[in-house]
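Owing to the predicted nature of the structure, the values given are computational and were not obtained by experimental measurement.
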There are 2 protein chains.
Amino acid sequence: MISVFIVDDHPVVIEGIHSLLQNEKDIAWVGQAMNAQSCLGFFVNNTADVVLMDISMPGMDGVELCAVMKEKYPGIFILGLSAFNQGLYIKKMMENGASGYILKNSSKEEVIKAIHAVSDGNIFFSGEVGQVLAAYQKYSATELPLLTPREKEVLELIAEGYTNPQIAEKIFLSPFTVDSHRKNLLAKLQVKNTASLIRLAVEQKLI
Amino acid sequence: MISVFIVDDHPVVIEGIHSLLQNEKDIAWVGQAMNAQSCLGFFVNNTADVVLMDISMPGMDGVELCAVMKEKYPGIFILGLSAFNQGLYIKKMMENGASGYILKNSSKEEVIKAIHAVSDGNIFFSGEVGQVLAAYQKYSATELPLLTPREKEVLELIAEGYTNPQIAEKIFLSPFTVDSHRKNLLAKLQVKNTASLIRLAVEQKLI
DNA sequence: GAACGAATCACTGTTTCGGGTGATGCATAC
DNA sequence: GTATGCATCACCCGAAACAGTGATTCGTTC
């Protein structure tokens, strides 16, 4: 018998998973929470084998909550849950000790399979998730490269649509210098042009 | 008695809404679909008072489906449904005849209230949605930057770091054509270069 | 069948970007 | 006291982006 707890800020998702699992003989629903705080509150006096955890929640998000939970209760397996295939956050959650990740458009069978897999100590990914994860491997070994203050400043101005000469004028530098910072940004973040740079920056919340 | 149909590609959402509504005496669940085609198929021989419709689905999305449905069956009220607060698409769906919009983190009470409201011919918005809509007013007066399929395709490839010639080769077009789409993107979204374009696209979840 | 938008292609400029290469001054770190 | 990293500036050059203008085809709508 596997005891399952869910934390998600979407009531319909909680209801949906609950409904999917209610006829499973070897899965027991032990509780639910709509935010990180109430989840942590539950585990003060209770426990569960597997926690289904939404990645994006108001306040503390799944990535943080995952770290806190695994630190306090290393024996509990955490299964990430998200509506979209957000490779970066999936990666971070895995680094924080999650045992797998499923999408909200997973079938009933897939959800149950995932719960069984992680409760046995295995790692489980939805098929699609695995593919996306691969795309983010370049950052798995190292952390995201650290930008210098100047680089961040230039990055933000690029993101606001300014050209090198405009940025140079704005922060009283030579256009050559701005261009140097720009090239360093491309090199550090391993992207080949402005489009990729800005996409990465926004997605990683660098700006 | 209000008959309700739901179309959403996430099984757990369908389950969740179903579960929320099953004890409501004046709401009847008449069916469900996981994509636009099967939704349209249902309405050939059946009907409903209110259709809960996800905004983002594979194939034809909610915005298009909404237009088709309202054109064929003007008497059916459509209630948009999405996990996120996507102002641009909410606006477009409203223009296509939707009667309201709720977020997937709405409470049971809010969902039921919304269904009653739209079935009476009223307009209903989740509180948060209304606020975000206001932020998009700049687009409401002028043209709506709703992108064509081709433009979306080009936008995504730009965001992946491909240049015009590379995109042209990838989707079998002349580089001139790709450049045209690119210029249209800049014009439609009122941005002045690639950096701003990608930033807007990522932040607005256009990609 | 006129009007419209989407999609396609074309040419000409100018500006900006991006790759390469290299230099200097100035901290701090070891 | 030298190694390292940051910040600054400089030049060349080809590729790409951006601006402007204009055209054709096709399907849909009215």
Checklist entry - Out of D/dT8, D/dA17, C/dA7, which has the shortest distance to the side chain of B/T194? => result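 Of all the options, the side chain of B/T194 is nearest to D/dA17.
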Rounded to the nearest Å, what distance is computed from the [atom1] atom of residue [X] to the [atom2] atom of nucleotide [N]?
X	N	atom1	atom2	answer
B/K152	C/dA6	NZ	P	12 Å
A/L185	C/dC17	CG	C1'	14 Å
A/I167	C/dG18	CD1	P	11 Å
B/R150	C/dC9	CZ	C1'	13 Å
B/K192	C/dT14	NZ	P	23 Å
A/N184	C/dG18	CG	C1'	12 Å
B/I171	C/dC9	CD1	C1'	14 Å
B/L186	D/dG20	CG	C1'	14 Å

Next on the checklist: Main chain of B/S3, side chain of B/D49: is a donor-acceptor contact present, judged purely on distance under 3.5 Å?
Outcome noted: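 Side chain of B/D49 to backbone of B/S3: a pair is present.
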Next on the checklist: Between A/Y73 and A/T47 (side chain of the first, backbone of the second, donor and acceptor by atom type, cut-off under 3.5 Å), is there such a pair?
Outcome noted: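 Looks like no, no N/O pair under 3.5 Å.
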Checklist entry - Within a radius of less than 6.0 Å around CD of B/E169, do more than 12 heavy atoms belonging to other residues, nucleotides or ligands occur? => result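 It does not: B/E169 CD has 12 such atoms or fewer within range.
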Next on the checklist: Whether B/H181 contacts C/dT8 is assessed here as follows: a side-chain N or O lying under 4.0 Å from the phosphate OP1 or OP2. Is that the case?
Outcome noted: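 Yes, because at least one side-chain N or O of B/H181 sits under 4.0 Å from OP1 or OP2 of C/dT8.
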Checklist entry - Could you give the distance from CG (A/L52) to CD1 (A/I6), rounded to the nearest 0.5 Å? => result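 If we round to the nearest 0.5 Å, A/L52:CG and A/I6:CD1 are 5.0 Å apart.
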Next on the checklist: To check you understand the geometry: which heavy-atom pair defines the closest contact between A/A114 and A/L79, and what is its length?
Outcome noted: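 For A/A114 and A/L79, the tightest heavy-atom pair comes out as CB-CD2, 3.7 Å.
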Could I get a table of every N or O pair under 3.5 Å where one atom is in the protein and the other is in nucleotides 10-16 of chain D?
residue : atom : partner : partner atom : Å
D/dA10  : OP2  : A/S174  : OG           : 3.4

Next on the checklist: Using 30° and 60° as the class boundaries, would you call the ring planes of B/H18 and B/W29 parallel, tilted or perpendicular?
Outcome noted: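 Taking B/W29 first and then B/H18, their aromatic rings lie parallel (interplane angle under 30°).
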